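Note sheet for the following structure.
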Amino acid sequence: MKQIYLDHNATTQVAPEVLEAMLPYFSEKFGNASSLHAFGRDAKVGLENARETCAEVLGAEPAEIVFCSGGTEADNLLLKGAAHALKSKRNRIVISSIEHPAIAQSAAQLASEGFDVQTVPVSSEGFVSPEKLSALVNDNTALVSIMFANNEIGTAQDIPTLVEIAHQQGALFHTDAVQAFGKIPVSIEKLGVDMLSLSAHKIYGPKGMGLAYVRSGVKIDSLVQGGSHEKSRRPGTENVPGAIGMAKAMELAAESVASEYVRLNDLSRLFLERIREQVADVTLNGPEFSEGAMPEKITRTPQTVNLSFAGAEGEALILSLDLEGVAVSSGSACSSGAVDPSAVLLAIGQTPELAKSSIRFSLGRHTTEEEIKHVAEILPPIIERLRRMSPAYANARR
Ligand code: PLP
């Protein structure tokens, strides 16, 4: 049976070019980048070249790039690091209601330390309104953190407008761009953010590798204590192969972002159209897909199709598709044997029942039209079968 992977927002396979670039740094160039001898110097050159590439792709300076272990660490480092550095001056932190747990839980930790954490709600499509953000940002606000693109529903925020609101009050702005980079253009200059998080494994790079962008002049406290690596912002011997892989992955993703946007957007639209033709009671979570070329104002990522199928339980759908060789996921979290509905879907106003009937298809670099058509063919009978087994759905339709 052919396997079809439609879970690229969870992770991606390492690109052959990325693997090739990394390999020498596991073997002959294995040195510690802090060592003074030739082995160390080789590793240091590789590390600093990687930093330059990452900075260039983002439109930043190399000194503004802090390598770390992934999106989760970058989010923790930037949110807590900036909050701690500003603690004696400003006490408020503002996040959105659809942040990844790496931000939401870091904010909860800051709240337990005495910070005044405020959460800005989102619209039914997942957008943060400038007015609602303005109402929460004041001259006591240290930091606003709002993700660029959402991992579950794909909504992309108008970051420059939101940045302006924070800056007007002298607050810093951080964005988690883990799910935006490689799918929509990400430029530090255009966004105007002070801090930004990225992860390599979402863009065909290695797992356990990420970076934190910190604008020159912005102070962040380190999360851990140790040596002076990464200008003491992230102590610990650097993951040189990881940095090399991340730089290569970023370069490749940036090169193809415009063409991939159109290709993936077309495939997502085709999928959605076929499903809507065949299945009743289906809801697209997040904004509608636009037609054709990449629009001036991007409102969503092109590869994320999150659908709710009333009466068909999400976990059953995932397992049924898995039996057919198709890998997808849901935003629900399994905690102590029970399935909790996705916090993102609840935040956009879904009922817990509908939220539990949702699955996310996330397309990627290797997704083909043939695969999309195949999934659109096998999915409707699965939904039909699950709905027949749901007395609540059958009763509601009577
Ligand atoms: N932020 C977002 C929006 C994500 O989707 C993810 C991963 O799912 C992360 C952060 C965490 O990244 P990592 O897996 O590299 O820790």
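What you see below is based on every heavy atom in this structure, not just the backbone, and it leaves out hydrogens, waters and symmetry mates. Atoms within a ligand are numbered from 1 in the order they appear, just like the ligands themselves. Every value quoted in this text rests on a predicted model; they were computed, and no experiment measured them.
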Report task. May I ask you to check if ligand 1 and Asn9 share an N or O to N or O distance below 3.5 Å? Result -> no

Report summary line: So for Lys207 against ligand 1, with non-hydrogen atoms under 4.0 Å, the contacting part is neither

Requested in this report: Compute both the distance and the angle, then confirm whether Arg300 meets the cation-pi test with Phe289: under 6.0 Å from the six-membered ring centre, within 45 degrees of the axis.
Outcome: yes

Query raised in the report: Of the protein's non-hydrogen atoms, which lies at the shortest distance from atom 6 (C) of ligand 1, and what is that distance?
Result: His100 NE2, 3.3 Å

Requested in this report: Measure centre to centre between the rings of Phe271 and Phe361, then say whether the value is under 6.0 Å.
Outcome: yes

Query - Member of Ser330, Ser308, Ser342 meeting the side chain to side chain donor-acceptor pair (under 3.5 Å) criterion with Ser358 - result: Ser308

Query raised in the report: What atoms of ligand 1 come closer than 4.0 angstrom to any heavy atom of Asp75?
Result: 1 (N), 10 (C)

Query raised in the report: Can you list the atoms of ligand 1 that are under 4.0 Å from a heavy atom of Met147?
Result: 3 (C)

Report task. Find all atoms of ligand 1 within a distance of less than 4.0 Å from any non-hydrogen atom belonging to Gly70, and give their numbers and elements. Result -> 15 (O)

Query - Salt-bridge criterion met for Glu369 and Lys373 (N-O under 4.0 Å) - result: yes

Query raised in the report: His201 heavy atoms, cut-off 4.0 Å: which ligand 1 atoms fall inside?
Result: 13 (P), 14 (O), 15 (O)

Report task. Check if Lys202 has a non-hydrogen atom at a distance under 4.0 Å from any atom of ligand 1. Result -> yes

Report task. Between Thr72 and ligand 1, find which residue part has any heavy-atom pair under 4.0 Å and reply side chain, backbone, both or neither. Result -> both

Report summary line: Nearest non-hydrogen protein atom to atom 10 (C) of ligand 1, with distance, is Asp176 OD2, 3.4 Å

**Report entry** Protein heavy-atom partner closest to atom 13 (P) of ligand 1 - residue, atom, separation in Å
**Finding:** Gly71 N, 3.5 Å

Query - For atom 5 (O) of ligand 1, closest protein heavy-atom neighbour - result: Gln179 NE2, 2.8 Å

Query raised in the report: Between Ser134 and Gln168, does a side-chain contact (heavy atoms from CB on, under 4.5 Å) hold up when you go through it step by step?
Result: CA-CA 10 Å; Ser134 287; Gln168 271 165 9; 5.8 Å; no

Report summary line: The complete set of salt bridge (charged side-chain N to carboxylate O under 4.0 Å, His left out) pairs with one or both residues in residues 103-124, sequence neighbours excluded, reads Arg92-Asp116

Report task. Compute both the distance and the angle, then confirm whether Arg365 meets the cation-pi test with Tyr204: under 6.0 Å from the six-membered ring centre, within 45 degrees of the axis. Result -> yes

Requested in this report: Test Phe309 against Asp281 for side-chain contact (heavy atoms from CB on, under 4.5 Å), laying out the working first.
Outcome: CA-CA 6 Å; Phe309 300 100; Asp281 296 335; over 6 Å; no

